[in-house]
Asks: 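Structure provided below as structure tokens; questions to follow.
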Number of protein chains: 2
Amino acid sequence: MINVKKEGKLTIRDIAALAGVSAGTVSRTMNGQAGVGQETRQRIQQIIEEHRFQVDPTARMLSTGRSQTLAVVFPLHASEVVMHPIYPALIGALGDAAERAGYDILLLTQSAEKAAHVVDTVTRRRVDGVVLPAAGPRDPLIKQLTGIGAPTVLIGHRTNREGVGWVDSDHDSAAHDLTRLMLDTGRRELVLLNGPAHVSACKLRSAGFWKCVQAAGDAVTSAREIRVPFDTDAATAEALKILGDPSRPTGVVCGSDTIAAGVMDAAHSLGLRVPDDVAVTGFDDRSFAARTTPTLTTVRMPLDDIGRTAAQMLFAMISGGPAPRKVILPTEIILRGSTPARED
Amino acid sequence: MINVKKEGKLTIRDIAALAGVSAGTVSRTMNGQAGVGQETRQRIQQIIEEHRFQVDPTARMLSTGRSQTLAVVFPLHASEVVMHPIYPALIGALGDAAERAGYDILLLTQSAEKAAHVVDTVTRRRVDGVVLPAAGPRDPLIKQLTGIGAPTVLIGHRTNREGVGWVDSDHDSAAHDLTRLMLDTGRRELVLLNGPAHVSACKLRSAGFWKCVQAAGDAVTSAREIRVPFDTDAATAEALKILGDPSRPTGVVCGSDTIAAGVMDAAHSLGLRVPDDVAVTGFDDRSFAARTTPTLTTVRMPLDDIGRTAAQMLFAMISGGPAPRKVILPTEIILRGSTPARED
DNA sequence: CTATACAACGCAACCGGTTGCGTAAACCGG
DNA sequence: CCGGTTTACGCAACCGGTTGCGTTGTATAG
């Protein structure tokens with residue numbers, strides 16, 4: 001019969017015994033606390049190293065109350081939000097940063113509008129910090145989380161609420177630069193076909209667009225902004241009206257790739273050429289942006305940076321240290337076929 | 001209302017005191033164990049209900065060794081795998097199912113090829129079960145996880161390895177049905193432009209394709225299979241050769257939407273009409289599939305079902321109960337413009 | 001050469017449930 | 001009415017670290 005040796009996990013007391021000290025001393029050593037002699041400390045660390053000893057996070061959690069865990073909340077309702085393909089990259093970067101810092105990340109699903117389960121789990125699991133990658137700035141969950149003292153950071157939304165940090169892309173500058181691109185390539189009749197007004201990113205994009213238009217002065221003949229849902233069909237319908245008009249724009253800056261796709265559909269069905277008759281830009285660099293006809297000039301979000309920054313912000317908040325609580329990260333314009341080449 | 005001593009969390013001993021019993025009895029009551037009188041049990045449950053008492057999972061974990069936690073592993077290398085947009089939906093369904101069963105899910109990122117950190121975290125955190133949504137059937141991580149006795153299920157890959165379950169889509173039938181669709185709409189010269197041979201899904205799709213061709217007998221004039229990477233440009237190059245030949249196929253079944261996109265590009269540049277001159281189908285129903293010209297007929301995976309099934313399979317494995325360990329779920333064909341309408 | 005201050009470390013009581021074991025009371029057939 | 005079970009429950013020892021406090025031993029001041 002095969003002798004199955006129960007490899008008993010070593011406990012802190014085993015290490016203590018090997019080192020000829022008490023468990024408390026080992027604990028202090030591992031946590032870098034004072035009260036341990038120099039050579040004793042070295043001997044203990046040596047033994048820990050040799051035996052590959054690792055603290056049991058559960059036991060530690062029970063006595064300290066800290067879990068070395070971050071949570072990220074997935075809203076299951078609003079599936080159109082979650083299905084947005086930015087999430088895998090975002091979460092990957094977040095997880096990577098967390099791992100490096102010795103944290104694990106808990107994936108919470110927020111079903112329906114119920115924040116209760118999330119708050120509940122955060123307290124029960126003693127989660128150290130929470131990332132909300134898909135919550136609006138007015139989401140009641142935020143209040144509840146700060147209410148229980150959980151460090152919280154929003155992604156993609158900005159807020160002035162006390163005690164909550166956020167990291168967002170620079171929508172403002174991105175929209176500004178796209179508009180500038182239109183002007184630089186000779187487009188003087190502009191339309192911003194933006195997403196819904198209640199989406200904060202859209203407000204910022206609006207601001208960037210108008211800032212550029214104002215600064216351009218006579219270089220722009222006409223400019224206006226229209227709101228549509230983030231829906232290709234709705235965008236097509238609206239674009240048919242806009243582009244069917246004799247005073248049609250020669251450049252359309254869109255609030256998302258899905259809207260831009262709708263505009264290009266409309267242009268095609270009206271017999272207009274893109275970008276010759278009308279230039280089009282999107283937002284997000286969705287996968288289909290490289291596959292439209294023509295390919296779509298758009299804006300790519302710095303997802304890796306966002307994830308990493310969110311994690312670091314949380315660590316700072318947890319340790320109470322000073323650190324920026326509001327971060328805006330630069331975006332990248334992806335030049336493709338839906339805009340004319342810039343004249344250099 | 002009864003005055004609770006320390007404002008804050010009640011412990012099991014507080015409940016015991018209120019009920020006039022010992023902590024052990026409360027514990028037995030909560031876990032449905034025998035050894036508690038009928039009326040005592042009711043009284044205790046009543047009090048638990050009243051005070052909204054909830055067990056501390058950390059403490060329970062420490063003494064039982066079980067964590068009520070599932071882990072899902074994200075490989076960070078092979079970003080093209082993780083970036084595949086099926087993940088958000090998959091993970092959403094998984095999380096939802098886990099939540100309903102009172103489990104939480106831990107998100108592990110597997111950096112580089114290092115399985116060590118994953119195994120490490122699984123043991124340290126006492127994870128009850130692991131989902132591998134992006135691991136090949138030969139991934140060494142599988143061996144290591146089963147080695148430490150962690151219930152493991154694969155998603156999207158099949159294996160005969162002892163002690164590991166899997167759930168996959170019915171690629172075989174899907175490919176068969178697409179091929180059947182080609183034949184039913186009068187396409188007799190077929191090509192399967194499949195993905196790499198080492199991808200198990202591609203093997204299954206190959207099998208389905210050939211099964212249909214064999215069964216069709218004289219209904220098919222020619223049929224062949226070609227392998228390309230999951231890359232639109234590579235697919236375009238290959239498709240230019242295939243479609244440029246005088247004996248070009250009238251139907252091309254593709255191993256992915258990205259490949260199909262490449263084929264349609266090639267067709268357009270050769271002046272061939274889709275689907276009139278050549279019908280094309282994809283796989284996955286990526287977001288851009290609804291936005292190609294023409295829109296792409298493709299196959300949608302049952303992501304919700306897959307997630308839910310994986311969770312349930314893990315629960316069964318954890319409790320040691322009997323349950324199917326190998327599940328194949330049916331897919332759905334999304335009919336769009338790249339194939340002719342079926343003659344009914 | 002004492003008195004005082006510290007540094008180094010052991011002890012034991014936590015953290016909040018779980019569980020084996022012991023015991024008193026209730027129940028049973030004879 | 002009695003011995004033998006069964007049932008209901010309390011007790012206390014865990015699970016594996018952490019930490020306040022008390023006790024040494026030694027360095028420094030007076």
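Here is the naming used below: chain letters follow the sequence lines, and residue numbers restart at 1 for every chain.
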Asks: Looking at side-chain heavy atoms only, is the closest gap between B/D128 and B/Y103 below 4.5 Å?
Replies: yes
Asks: Considering just the side-chain nitrogens and oxygens of A/S63, establish if one lies under 4.0 Å of OP1 or OP2 belonging to D/dT19.
Replies: no
Asks: Test for a donor-acceptor pair under 3.5 Å between the base of D/dG17 and the side chain of A/R13, counting only N and O atoms.
Replies: yes
Asks: Return no unless some side-chain N or O of B/S27 is found under 4.0 Å from OP1 or OP2 of C/dT18.
Replies: yes
Asks: Can you measure B/Q33 atom CD to D/dC9 atom P for me and round it to whole angstrom units?
Replies: 14 Å
Asks: Are any of the side-chain heavy atoms of B/M317 and B/V153 separated by less than 4.5 Å?
Replies: yes
Asks: Check the distance between C/dG16's P and B/Q54's CD and give it to me in whole angstrom.
Replies: 15 Å
Asks: Is there any protein nitrogen or oxygen under 3.5 Å from a nitrogen or oxygen in nucleotides 20-28 of chain D, and what are the pairs?
Replies:
{"from": "D/dG20", "atom 1": "O6", "to": "A/R28", "atom 2": "NH2", "distance (Å)": "2.8"}

Asks: State which residue, out of A/V127, A/V122, A/D120, fulfils the side-chain contact (heavy atoms from CB on, under 4.5 Å) condition with A/R124.
Replies: A/D120
Asks: At under 4.0 Å, does any side-chain N or O of A/T64 touch on OP1 or OP2 of C/dC15?
Replies: no
Asks: Given atom CE of B/M30 and atom C1' of C/dG16, what is their separation to the nearest angstrom?
Replies: 11 Å
Asks: If you compare all heavy atoms of B/D305 against all heavy atoms of B/R308, which two are closest, and at what distance to 0.1 Å?
Replies: OD1-NH2, 3.0 Å
Asks: Give a yes/no on whether any side-chain N or O of B/R60 is located under 4.0 angstrom from OP1 or OP2 of C/dG16.
Replies: no
Asks: Expressed as a whole number of angstroms, how long is the span from B/I15:CD1 to C/dG16:C1'?
Replies: 13 Å
Asks: Which heavy atom of A/L141 sits nearest to which heavy atom of A/D139, and what is that distance?
Replies: N-OD1, 2.8 Å
Asks: Remember a base hit wins even if backbone is also touched, and classify A/T58 as base, sugar-phosphate or nothing at under 4.0 Å, heavy atoms.
Replies: nothing
Asks: Please round to the nearest 0.5 Å and tell me the distance separating atom CD of A/E99 and atom OG1 of B/T109.
Replies: 4.0 Å
